[in-house]
Amino acid sequence: MDAFLHTFFDWDEMMKVFPTLLTEGIKNTLFIAVLAILFSLVLGMILAMMLLSNTRWLKLPARIYIDIFRGLPAIVTISLVGLGLPAAHLHPFGKSPLGYAVLAVGLISSAYCAEVFRSGIQSVDAGQIQAGRSLGMTYMQAMSRIVIPQGVRTTLPALTNRFIIDIKESSLVYLLGLTVGERELYFIAQQQQATTYNSSALVAAGLCYLLMTIPLTYIVIAWEKKLKQGKKPSKKRANALAGMDGATP
C-alpha cells in the first residue's frame, strides 16, 4: 500500500509540478481547445450547410470529409497534420507546433460539429422556412434568420460536450514535440514522470483536466434538462392564462 501511495499520490512530487501545470499547462491546453472549437464551429457550419444542400457536388465532398475525420483515430490525424505537413515542407504555421496542434484538433472536431449542426437544423419544423418565404424572404434569409438560430440553440449541449472532448484530445499533441512554454498538461506531466519514474505528476495533470471538464459536464447536464423541460411560463402569465380559461364559457 505504501508503494502504491508513493507512486500515485506523492504530495512532494505533485507540488513540484503543480505550478507549471497551472501556469503553462492549463493555459496551453485551453489555447489549443478554444481555438480548435472556434475553427470547428465555422467549418462545421459550412459542412452542415453543404450536407443539407440538394446539390450533389456540394453534398458529396462534405460527406467524404466527415466520414474520414470521424473514422480516423485522433492520434493518426494529429500525426499526419503535425508531423506530416512539416515533413512535406509545408509550414503554414512556421516552426511552432501549436498551430499544427490547433489545426489537427479543429479538423477532427469540425467533422463532429457538422453532424451536430445538421441534426439541429433538421429538427426545426419545415414550416418555419415556408413561413419565412411567405414574408418575402429568400431561402438563405429564412435559413439564416429563422431556422439556423433555432437549430443552433438545441445543439448547445452537444457543442459544449464537444469542447470537453477537445480539451481531452489536446493531450495527444505531445507527439509534436512541444517546447518549454508551449507544453500542455499531459506533456508536462509525462516529462516529469519520465524523469522521476513516479506517476504522481500524471495524477496531478488528471486533477487539472477534471478541474476544467467536470464543471462543463454539469453545465451540459443542466442545459439538456432546461431544453427538455422547455421554458416555463411566468407566474403572472400562468395566472392570466388561468383567468382566460375560467372566463371561457
Side-chain angles (χ1 to χ4, degrees), residues 21 24-48 50-51 61-88 90-93 95-119 155-179 182-191 193-194 199 201-203 205-217 220:
L21 290 174
E24 181 182 343
I26 286 182
K27 179 189 72 173
N28 288 322
T29 293
L30 288 176
F31 177 81
I32 294 169
V34 169
L35 288 185
I37 195 66
L38 291 176
F39 172 81
S40 65
L41 290 177
V42 175
L43 182 55
M45 178 58 74
I46 294 172
L47 291 168
M50 291 172 68
L51 282 177
R63 175 48 60 195
I64 292 173
Y65 176 97
I66 292 168
D67 288 345
I68 288 175
F69 283 101
R70 290 179 70 185
L72 286 174
I75 196 167
V76 173
T77 301
I78 290 170
S79 298
L80 287 172
V81 173
L83 301 177
L85 290 181
L90 297 174
H91 304 279
F93 305 105
K95 295 182 179 180
S96 174
L98 278 180
Y100 300 96
V102 171
L103 177 61
V105 177
L107 290 173
I108 299 166
S109 187
S110 62
Y112 290 91
C113 287
E115 288 290 5
V116 170
F117 283 134
R118 179 195 58 78
S119 62
T155 66
L156 291 177
L159 294 175
T160 306
N161 196 52
R162 186 62 231 174
F163 179 55
I164 295 172
I165 295 172
D166 287 347
I167 290 175
K168 293 186 288 185
E169 286 188 345
S170 68
S171 63
L172 297 174
V173 305
Y174 80 95
L175 292 167
L176 308 185
L178 302 172
T179 59
E182 298 175 332
R183 298 172 300 172
E184 41 70 45
L185 287 170
Y186 174 75
F187 194 27
I188 293 171
Q190 189 268 339
Q191 285 185 319
Q193 193 272 343
S199 297
L202 292 173
V203 174
L207 293 175
C208 291
Y209 280 113
L210 293 176
L211 184 66
M212 294 183 288
T213 58
I214 287 179
L216 288 172
T217 300
V220 171

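By convention here, the first residue in the shown sequence is residue 1. The structure displayed is predicted, hence computed values, not measured ones.
Cys113 is not listed as a side-chain neighbour of Thr155, based on a closest heavy-atom distance of 4.5 Å or more. Side-chain atoms of Phe117 and Leu51, non-hydrogen and from C-beta on, never get closer than 4.5 Å to each other. Contact check for Ile68 versus Thr77: no side-chain heavy atoms found under the 4.5 Å cut-off. In this structure, Leu21 and Ile26 have side chains that are not in contact, with every pair of non-hydrogen atoms separated by 4.5 Å or more. Ile165 has its side chain out of reach of Ser109: every pair of non-hydrogen atoms, C-beta onward, lies at least 4.5 Å apart.
Panel note: side chain Asn28, backbone Arg183; a donor-acceptor pair is recorded below 3.5 Å. Judged by distance alone, the side chain of Ser40 and the main-chain N or O of Ala36 form a donor-acceptor pair under 3.5 Å.
For Val173 against Ser170, the heavy-atom pair with the smallest separation is CG2-O, 3.0 Å. The minimum heavy-atom distance between Ala201 and Ala189, with the atom names listed, is O-CB, 3.3 Å. Nearest heavy-atom pair, Arg118 versus Ala48, reported as atom, atom and distance to 0.1 Å: N-CB, 3.9 Å. Of all non-hydrogen atoms in Ala74 and Leu172, the two that sit nearest each other are CB-CD1, 3.7 Å. Shown here for Pro97 and Glu182, the closest heavy-atom pair between the two residues is CD-OE1, 3.3 Å.
The CG atom of Leu43 sits 4.5 Å away from atom CG of Leu47, with the distance rounded to the nearest 0.5 Å. Ile108 contributes atom CD1, which lies 8.5 Å from atom CG of Asp166 (distance to the nearest 0.5 angstrom). Taking OG1 of Thr160 as the start and CD1 of Ile37 as the end, the distance is 8.5 Å to the nearest 0.5 Å. To the nearest 0.5 angstrom, Leu35 atom CG is 11.5 Å from Leu103 atom CG. Atoms CG and CG, on Leu98 and Leu176 in that order, are 9.0 Å from each other to the nearest 0.5 Å. Rounded to the nearest 0.5 angstrom, Thr29 OG1 and Phe187 CZ are separated by 12.5 Å.
Of the N and O atoms on the side chains of Tyr65 and Ser110, at least one donor lies less than 3.5 Å from an acceptor on the other residue. Side chains of Ser171 and Glu184: a donor-acceptor N/O pair is absent below 3.5 angstrom, by distance only.
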| Stepwise, does the side chain to side chain contact (heavy atoms under 4.5 Å, CB included) test hold for Val116 with Met45? | CA-CA 9 Å; Val116 170; Met45 178 58 74; over 6 Å; no

| Check against side chain to side chain contact (heavy atoms under 4.5 Å, CB included), Tyr209 and Tyr186 | CA-CA 9 Å; Tyr209 280 113; Tyr186 174 75; 3.6 Å; yes

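A salt bridge is defined here as a Lys NZ or Arg NE, NH1 or NH2 lying under 4.0 Å from an Asp or Glu carboxylate O, and Glu115 with Arg63 meets this definition. Salt-bridge annotation for Glu169 and Arg162: present, with a side-chain N of the basic residue lying under 4.0 Å from a carboxylate O of the acidic one.
Aromatic ring pairs are classed by plane angle as parallel below 30°, tilted from 30° to 60° and perpendicular above 60°; the pair Tyr100 and Phe93 is perpendicular.
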